[in-house]
Amino acid sequence: MSNPILQLLVLAGIAIFVMLRLKNVLGTRDGFEPPKVENPAPDSGPARFEVIEGSAQEQDHDILDHVDAGSPAATALAQMKQAEPDFAVGEFLGGARQAYEMILMAFERGDISEVRPFLAPPVAEAFQSVIDQREAAGQTVEAQYLGTRETTLAGAEFDRTTGEAEVSVRFLAELIVATRDADGNVVEGDPKASRKQKDTWTFARAMGSDDPNWQLVATG
């Protein structure tokens, strides 16, 4: 048999062998396969939030981003949303952070008249009492707010009978505060050094009411 014919036979054999191997490999479904990706269901708008026996029927990340699922606080927040669907935890915390700075600086500067609508009467009276004591002693306060470093939801309660909601928020702020006596001497704080201040404030409001403002009902 001549060499050209022998070479053709060898090449033909190799081709048949390769085709059989390809068929064996491509015809099987063993090994790894890419996962199936289905088109997401069309967006049907904001999910309705229903509360059953104090727990959410579906996950709400506006709540779960701030408290543990199944916790009393999560249940209370879910009930607040049921009473007032427009209520959002994230937006509330943003407003609480602004209110904290505004109220705290008003107190330090000795004039709470502009923030009094946001204070429950017992809190306003306590703040004013301290301010009056400073004035009687001839003391003045210099204060500079440097920023709120942390704003954390610390707890929540809801009375389904009255619709009253209470939300506690933990703040970590940094500020410069110095108290001077009548002669201008520093008697407390440091006008050149910042300090960190931790507070837990509780805000309350009747959910579903026409008044959108929360009131500060307790400080700690």
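No experiment lies behind these values; they were computed from the predicted model shown. In this chain, residues are counted from 1 in sequence order.
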inquiry  = Keeping Asp181 on the side-chain end and Asn185 on the backbone end, is there a donor-acceptor pair under 3.5 Å?
reply    = yes
ask   = What is the minimum heavy-atom distance between Glu142 and Pro191, and which atoms define it?
value = OE1-CB, 4.1 Å
query = Counting only heavy atoms not in Glu157, do more than 12 fall under 6.0 Å of its CD?
reply = no
inquiry  = The test is side chain to side chain donor-acceptor pair (under 3.5 Å); show your working for Ser209 and Asp211 and say whether it passes.
reply    = CA-CA 5 Å; Ser209 67; Asp211 186 356; over 6 Å; no
inquiry  = Hydrophobic cluster membership, with links at side-chain heavy-atom distances under 4.5 Å among I/L/V/M/F/W/Y: are Val141 and Ile176 in one?
reply    = no
query = So, for Tyr145 and Ala173, which heavy atoms are closest and what is the spacing to 0.1 Å?
reply = OH-CB, 3.4 Å
Pairwise distance CG(Leu146) to CD(Gln197) - rounded to 0.5 angstrom = 11.5 Å
query = Is a side-chain donor or acceptor of Gln139 paired with a backbone partner of Ala182 at a separation under 3.5 angstrom?
reply = no
Expected list for residues 95-109: side-chain donor-acceptor pairs under 3.5 angstrom, two or more places apart:
| unit_1 | atom_1 | unit_2 | atom_2 | d |
| --- | --- | --- | --- | --- |
| Tyr100 | OH | Asp199 | OD2 | 2.6 |

inquiry  = Counting only heavy atoms from other residues, nucleotides and ligands, does the tally under 6.0 Å from CD of Glu91 exceed 12?
reply    = no
task = May I ask you to test the Arg180-Val187 pair for a side-chain heavy-atom distance under 4.5 Å?
result = no
request  = Look up atom CG in Leu175 and atom OG1 in Thr148, then write down how far apart they are to the nearest 0.5 Å.
outcome  = 9.5 Å
task = Could you tell me whether a side-chain N or O of Thr152 sits under 3.5 Å from a main-chain N or O of Ala154, the two making a donor and an acceptor?
result = no
ask   = Would you call Gln82 and Arg160 a side-chain contact if the rule is heavy atoms closer than 4.5 Å?
value = yes
task = Indicate, with yes or no, if Leu93 and Leu172 share a hydrophobic cluster defined by side-chain heavy-atom contacts under 4.5 Å among Ile, Leu, Val, Met, Phe, Trp and Tyr.
result = no
task = Indicate if Val217 and Val169 have the same hydrophobic cluster label, given that clusters are the connected sets of ILVMFWY residues with side-chain heavy-atom separations under 4.5 angstrom.
result = no
query = When rounded to the nearest 0.5 angstrom, what is the spacing between CG in Asp111 and CZ in Arg116?
reply = 9.5 Å
note = Taking every heavy atom of Ala178 against every heavy atom of Val186, the minimum-distance pair comes out as CB-CG1, 4.5 Å
inquiry  = If I take atom CG from residue Leu64 and atom CG from residue Leu77, how far apart are they, to the nearest 0.5 angstrom?
reply    = 9.5 Å
query = For Gln215 and Ala120, which heavy atoms make the closest approach, and how far apart are they?
reply = OE1-CA, 3.7 Å
query = Is any side-chain heavy atom of Phe118 less than 4.5 Å from a side-chain heavy atom of Trp214?
reply = no
ask   = Ala83 and Phe158: which non-hydrogen atoms are nearest, and at how many Å?
value = CB-CZ, 3.9 Å
key: Glu166 versus Met80, closest heavy-atom pair with distance   = O-CE, 3.9 Å
Working for side chain to side chain donor-acceptor pair (under 3.5 Å), residues Thr200 and Ser168 = CA-CA 7 Å; Thr200 299; Ser168 297; over 6 Å; no
inquiry  = Parallel, tilted or perpendicular, judged at 30° and 60°: which one describes the rings of Phe203 and Phe92?
reply    = perpendicular
query = Any side-chain heavy atom of Met207 sitting closer than 4.5 Å to one from Phe87?
reply = yes
message = Measuring only between side-chain heavy atoms, which start at C-beta, is Arg170 closer than 4.5 Å to Leu153?
response = no
ask   = Do side-chain atoms of Asp62 reach the backbone of Gly90 as a donor and acceptor pair under 3.5 angstrom?
value = yes
request  = Begin from the C-alpha positions of Ser194 and Glu174 and carry the test side chain to side chain donor-acceptor pair (under 3.5 Å) through to its verdict.
outcome  = CA-CA 7 Å; Ser194 64; Glu174 186 173 357; 2.9 Å; yes
task = Might you work through the side chain to side chain contact (heavy atoms under 4.5 Å, CB included) test for Asn213 and Arg205, ending with a clear yes or no?
result = CA-CA 7 Å; Asn213 293 323; Arg205 178 175 172 268; over 6 Å; no
ask   = Ignoring hydrogens and geometry, is there a side-chain-to-backbone donor-acceptor pair from Glu188 to Thr179 under 3.5 Å?
value = no
